[in-house]
2 protein chains.
Amino acid sequence: MTPGVKFARVAEEGEVVAPSRSTSELRTDARRNAAQILAAARNVFGEHGFSAPLEDVAVAAGVSKATIFNRFGGRVGLIEAVIEDVVAAESQRIIEHTRSIPDVAERIDHYLGAIRDLQYRRPAVNDVLLQEYPHSEQLLAICHAAGEIYDELVEAGHAAGVLAPEFTREDLHALIVDNALALKHGSRPPRADYDRRTGFILGGIRRPAR
Amino acid sequence: MTPGVKFARVAEEGEVVAPSRSTSELRTDARRNAAQILAAARNVFGEHGFSAPLEDVAVAAGVSKATIFNRFGGRVGLIEAVIEDVVAAESQRIIEHTRSIPDVAERIDHYLGAIRDLQYRRPAVNDVLLQEYPHSEQLLAICHAAGEIYDELVEAGHAAGVLAPEFTREDLHALIVDNALALKHGSRPPRADYDRRTGFILGGIRRPAR
DNA sequence: TAGAAACTTGACTCGGTGAGTCAACTTATT
DNA sequence: AATAAGTTGACTCACCGAGTCAAGTTTCTA
């Protein structure tokens with residue numbers, strides 16, 4: 001294959017074009033390497049964020065860095081291939097669960113706690129929040145979903161009188177982004193301290209139910 | 001003069017050694033340049049923090065970068081020459097004023113507001129907080145003073161029951177450091193938003209007086 | 001006012017890090 | 001075993017500001 005931009009796509013189940021040999025045109029060793037790279041990327045990106053050196057991913061996959069370029073065209077392609085597993089799925093789950101909580105105050109408490117938990121456990125989430133990486137479809141979808149829940153929570157919170165009336169959706173966003181910056185550039189505090197601080201934040205923006 | 005580590009000290013008033021020609025051994029052009037560099041450094045560091053390129057300081061001073069090395073030996077020397085004006089004086093003033101407030105709750109509110117104000121106006125403060133620059137005497141003095149007032153405020157706040165009982169001095173430090181990180185690496189919000197958020201933070205850690 | 005020392009500076013080198021490339025080699029496939 | 005696909009070690013490149021130095025300029029002194 002001519003090396004260059006036209007790198008092969010990794011097998012995805014429902015291959016639309018070329019029905020025969022459905023899963024792939026790749027040679028078996030190449031397919032195996034691609035799978036290993038994906039697995040390694042999920043681990044390494046999940047643990048260290050999307051700015052982790054590709055070299056690290058390669059080593060974890062037992063493969064050379066060049067192979068990542070052959071298969072995925074570089075960092076951007078690799079991120080796109082794993083972002084769903086590393087970030088999108090979990091954040092979607094949080095949003096859904098949040099929506100399923102009937103009590104408004106609890107809903108707010110839950111969302112902030114869950115997001116902050118995710119930020120703590122998955123640095124890659126912070127990379128997404130800080131928009132450090134290229135705007136792919138998934139990225140936009142995630143951000144859109146987040147923007148929606150911000151609005152819902154803030155509006156419902158005001159209506160129910162359980163949120164400080166002057167608290168805006170921008171404040172909520174800032175809260176989360178500032179935390180992303182602190183986690184990304186600072187030292188991560190012990191979990192107990194972090195959770196206690198989550199409590200203080202909530203205490204500052206919530207109001208006791210009427 | 002042989003260039004190298006033994007760069008000339010800029011004239012300080014009370015020259016202890018060499019009483020004759022008290023203010024300086026420097027040639028007049030060198031003295032003028034040094035003054036311009038100091039002025040430029042106060043501006044540039046004050047506005048962009050201590051990590052601003054020395055090139056920028058040089059340009060602002062109407063001088064070449066090499067001259068900064070001749071006079072101050074590099075970034076560290078230059079920071080030491082201006083840190084008092086850029087950071088130490090103002091933070092000392094805040095601490096003193098804070099101590100002069102009789103009411104504990106007001107004292108806490110004032111300190112947090114004033115520190116956050118300083119962080120917003122003077123990025124260099126954040127560089128100091130984040131310990132990004134060499135540990136000079138002044139640095140240590142500033143940090144020591146800050147540590148003291150943390151303890152005082154938290155202890156007094158607990159005693160008076162105006163601070164959440166589980167709030168620690170580490171929490172206070174984290175609050176301030178996280179804000180430093182957000183300001184340094186993120187986008188600075190409009191002032192009104194920033195101040196509103198200061199209010200939320202206080203609301204989360206304070207308790208109404210008995 | 002000339003000679004010497006002090007001072008300045010443009011144009012360099014350097015350093016550390018990680019992205020991205022490619023010619024030569026290896027392996028699967030037919 | 002021929003061929004094309006795939007892999008890789010070793011490279012270049014870019015970045016970006018710190019720090020250096022030989023050559024030129026200014027001040028000082030006598």
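The chains referred to below are lettered A, B, ... by the order of the sequence lines, with proteins before strands, and numbering in each begins at 1.
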Side-chain N,O ([X]) to OP1/OP2 ([N]) below 4.0 Å:
X: Thr67(A); N: dG6(D); result: no
X: Asn33(B); N: dC7(C); result: no
X: Thr28(A); N: dT29(C); result: yes
X: Arg71(A); N: dT7(D); result: yes
X: Arg32(A); N: dA28(C); result: no

Discussion item. Under a 3.5 Å threshold, yes or no: a donor from one side chain and an acceptor from the other, between Tyr194(A) and Asn179(A)?
Written reply: yes
Item to complete: Select from Asp29(B) and Ser51(B) the residue whose nearest nucleotide in DNA chain D is closer to the 5' end of that strand.
Response: Ser51(B)
Worksheet entry | Nearest-nucleotide comparison on DNA chain C, the residue closer to the 5′ end among Ala30(B) and Lys65(B) | Ala30(B)
Item to complete: May I ask you to say whether Glu152(B) pairs ionically with Arg99(B), meaning some side-chain N is under 4.0 Å from a carboxylate O?
Response: yes
Worksheet item: With a 4.0 Å cut-off, would you call Asp29(B) and Arg32(B) a salt bridge?
Response: no
How many whole angstroms separate atom [atom1] of [X] from atom [atom2] of [N]?
X: Glu55(B); N: dC15(D); atom1: CD; atom2: P; answer: 17 Å
X: Glu25(B); N: dA6(C); atom1: CD; atom2: P; answer: 11 Å
X: Arg27(B); N: dA4(C); atom1: CZ; atom2: C1'; answer: 11 Å
X: Gln36(B); N: dC7(C); atom1: CD; atom2: P; answer: 15 Å
X: Phe45(A); N: dG18(C); atom1: CZ; atom2: P; answer: 13 Å

Worksheet item: Which part of the nucleic acid, if any, lies within contact of Ala66(A), taking any heavy atom under 4.0 Å across all strands shown: a base, the sugar-phosphate backbone alone, or nothing?
Response: base
Response to the item:
Shortest non-hydrogen pair, Glu80(A) vs Gln138(A), comes out as O-NE2, 3.4 Å
